[in-house]
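Read the structure below first, then the notes.
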2 protein chains.
Amino acid sequence: MSQSEKTKGKLIRSAKKIFSEKGFWDTKVSDIVKDAGVAQGTFYLYFKSKDEIFKELVLEIRNHIIEIIDKYKNADENIIKTLIDLKSEILEYLYQNKEIARIFLFQLFTKEELMQIYFETLNYIEDFDKNLIQKGVAKGVIKYPDVENIINIILGYGRRLFETEVLLKGKPLDEVKKIQKEGIQIIFKGIS
Amino acid sequence: MSQSEKTKGKLIRSAKKIFSEKGFWDTKVSDIVKDAGVAQGTFYLYFKSKDEIFKELVLEIRNHIIEIIDKYKNADENIIKTLIDLKSEILEYLYQNKEIARIFLFQLFTKEELMQIYFETLNYIEDFDKNLIQKGVAKGVIKYPDVENIINIILGYGRRLFETEVLLKGKPLDEVKKIQKEGIQIIFKGIS
DNA sequence: ATAATATGACTGATGAGTCAGTCAGAGAAG
DNA sequence: CTTCTCTGACTGACTCATCAGTCATATTAT
């Protein structure tokens, strides 16, 4: 790895850490460079601005989530299994990247542009879920017809699970996966 | 109403509006006073600091939500009805106070002190729900024993419903209440 | 020796909070 | 009734600390 790649990496690692702890506004560029062990000027060799590095982190999550979903785009196993597997994989990614996950969930709501990225990503998930649920309704496996509302239950649950069980309580991944699976099964029982 | 009460009221109204649009950090005291039609100095006759007025708004929500829950503390109708009524009442309050609701849901995550108020409030709701659900489990009405997980589903859903159906889509209160009732019934079917 | 990296003191803008001063109107004094 | 004084509410130009971003210079690697 070249020197410059190393330095940029250090800056990104420090930025993730500090943005996730203190949020965008309370994080000073001077905090990031101090943590990374480089000078203020060095930061600007790698990033145009504080805004830019922040956006880069946010896009990293968005892109990864979209990638995961795309893998499932042509899965045609049974509906509930697909959903459980997908949610489990997203959970795992967020679990392994708690810092940027925290940024994504909590720190995007003051900048219009970042909110758009957030909602765009959410929409992508919603569309996938909607498609899946609609198949279930068509097949008659799912009796409750308000697809939007089902998605509200599922997505609301997913977010909350990550917030409380992972971020607040710090439960291990396997346990949270198991809980999530149960939760989804319960929801499916409810709409059957 | 005295002159000074009027002025303080104007400042609070403007603060709600602007904080909810732009968040804490992007809102300048100069924005608030401009909107309220008073001078910068006047602001500091009524509030010690920008932090203070923000916190005042946040506490307003917390206190109101706690009040609502307390009303239900000794209700002993059937479990699902109590839950639906409570959630409906909280929904209605947030609906009527969208601006501070937006602040409460999205703007508290950069200041440690404010996050504590957020989690404290959430805890209050959780405790109430937990108590209710536990009764259901004891009675045998609810078969699924992981009370925490049930609460994850219910609370996650509540938040999400408000975010998408009220704040994003702007649906009328009655419709959202109806949707929420259906959602809760589905969850109950799932855990029965 | 030359290019690639890094440095950190500096600058300029910004915005929270201050404070000396204005002013309308309510009584009191003549 | 009119002049004087007092007071509560308000004003806005100013101060001062804070930071994002710059740049002339230094160091390191090839």
Side-chain angles (χ1 to χ4, degrees), chain A residues 1-59 100 103 107-115 117, chain B residues 1-59 103 107-115:
Chain A
M1 205 194 308
S2 72
Q3 184 59 35
S4 76
E5 277 169 326
K6 267 192 228 162
T7 305
K8 187 170 184 183
K10 274 197 284 183
L11 282 167
I12 287 191
R13 238 172 302 124
S14 298
K16 278 181 190 173
K17 183 171 124 195
I18 298 176
F19 278 134
S20 95
E21 277 167 12
K22 314 217 267 179
F24 179 79
W25 296 91
D26 237 352
T27 296
K28 311 303 170 197
V29 173
S30 58
D31 296 334
I32 297 174
V33 297
K34 202 159 85 186
D35 188 86
V38 302
Q40 181 99 355
T42 306
F43 178 91
Y44 290 93
L45 297 174
Y46 296 98
F47 304 98
K48 273 219 314 293
S49 64
K50 183 182 161 187
D51 278 57
E52 196 195 71
I53 190 175
F54 192 74
K55 193 175 161 189
E56 193 166 315
L57 303 183
V58 174
L59 286 176
I100 41 176
I103 292 170
Q107 306 294 345
L108 305 191
F109 299 94
T110 39
K111 300 227 148 207
E112 193 56 43
E113 191 194 2
L114 300 174
M115 274 181 61
I117 298 176
Chain B
M1 204 194 308
S2 73
Q3 184 58 33
S4 76
E5 277 168 326
K6 265 192 231 164
T7 304
K8 188 170 185 184
K10 273 198 285 183
L11 282 168
I12 288 191
R13 240 173 299 125
S14 298
K16 279 182 189 171
K17 182 171 124 196
I18 298 176
F19 278 133
S20 94
E21 278 167 11
K22 312 217 268 180
F24 179 79
W25 297 91
D26 236 352
T27 296
K28 312 303 170 196
V29 173
S30 57
D31 297 334
I32 296 174
V33 297
K34 202 158 87 185
D35 188 87
V38 303
Q40 180 99 354
T42 306
F43 179 91
Y44 292 93
L45 297 176
Y46 296 99
F47 304 98
K48 272 222 312 295
S49 64
K50 183 182 160 187
D51 278 56
E52 196 195 73
I53 189 174
F54 192 73
K55 193 173 160 191
E56 192 161 303
L57 302 183
V58 174
L59 286 176
I103 292 170
Q107 308 294 343
L108 305 191
F109 300 94
T110 40
K111 300 229 148 208
E112 193 56 43
E113 191 195 3
L114 300 175
M115 274 181 61

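Below, chains carry the letters A, B, ... as their sequence lines are ordered, and counting in each starts from 1.
Environment of NZ in K55(B): sparse, with no more than 12 heavy atoms of neighbouring residues, nucleotides or ligands closer than 6.0 Å.
Looking only at side-chain heavy atoms (C-beta outward), Y46(A) and I12(A) stay at 4.5 Å or farther from each other. Side-chain contact check for E52(B) versus S49(B): some heavy-atom pair is nearer than 4.5 Å. Side-chain contact between V33(A) and T42(A) is absent, with no heavy atoms from C-beta onward closer than 4.5 Å.
To the nearest 0.5 angstrom, L11(B) atom CG is 10.5 Å from E56(B) atom CD.
Y46(B) comes within contact range of the sugar-phosphate backbone alone, with a heavy-atom separation under 4.0 Å but no base atom that close.
Residue T7(B) places at least one side-chain N or O closer than 4.0 Å to OP1 or OP2 of dC10(D). The phosphate of dG25(C) (OP1 or OP2) has no side-chain N or O of Q3(B) nearer than 4.0 angstrom.
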Give me the distances for all protein-to-nucleotides 1-4 of chain C N/O pairs that come in under 3.5 Å?
none

Contacts under 3.5 Å, N or O only, protein and nucleotides 14-20 of chain C:
unit_1: dG15(C); atom_1: OP1; unit_2: K28(B); atom_2: NZ; d: 3.4
unit_1: dA16(C); atom_1: OP1; unit_2: K50(B); atom_2: NZ; d: 3.4
unit_1: dA16(C); atom_1: OP2; unit_2: V29(B); atom_2: N; d: 3.0
unit_1: dG17(C); atom_1: OP2; unit_2: Y44(B); atom_2: OH; d: 3.2
unit_1: dG17(C); atom_1: OP2; unit_2: K50(B); atom_2: N; d: 3.1
unit_1: dG17(C); atom_1: N7; unit_2: Q40(B); atom_2: NE2; d: 3.2

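At whole-Å resolution of the value, CG in D26(A) and C1' in dC19(D) are 13 Å apart. What separates CG of L45(A) from P of dT27(D) is a distance of 17 Å, to the nearest Å. Rounded to an integer number of Å, the gap from CD of E5(B) to C1' of dG8(D) is 14 Å. If you take CD of E52(A) and C1' of dA20(D), they are 14 Å apart, rounded to a whole angstrom.
Cation-pi contact between K50(A) and F43(A): absent, since separation from the ring centre below 6.0 Å together with deviation from the ring axis within 45° is not met.
Side-chain contact annotation: T110(B) with W25(B), donor-acceptor N/O pair under 3.5 Å present.
Ring planes of F19(A) and F54(A): perpendicular class, angle over 60° (limits at 30 and 60°).
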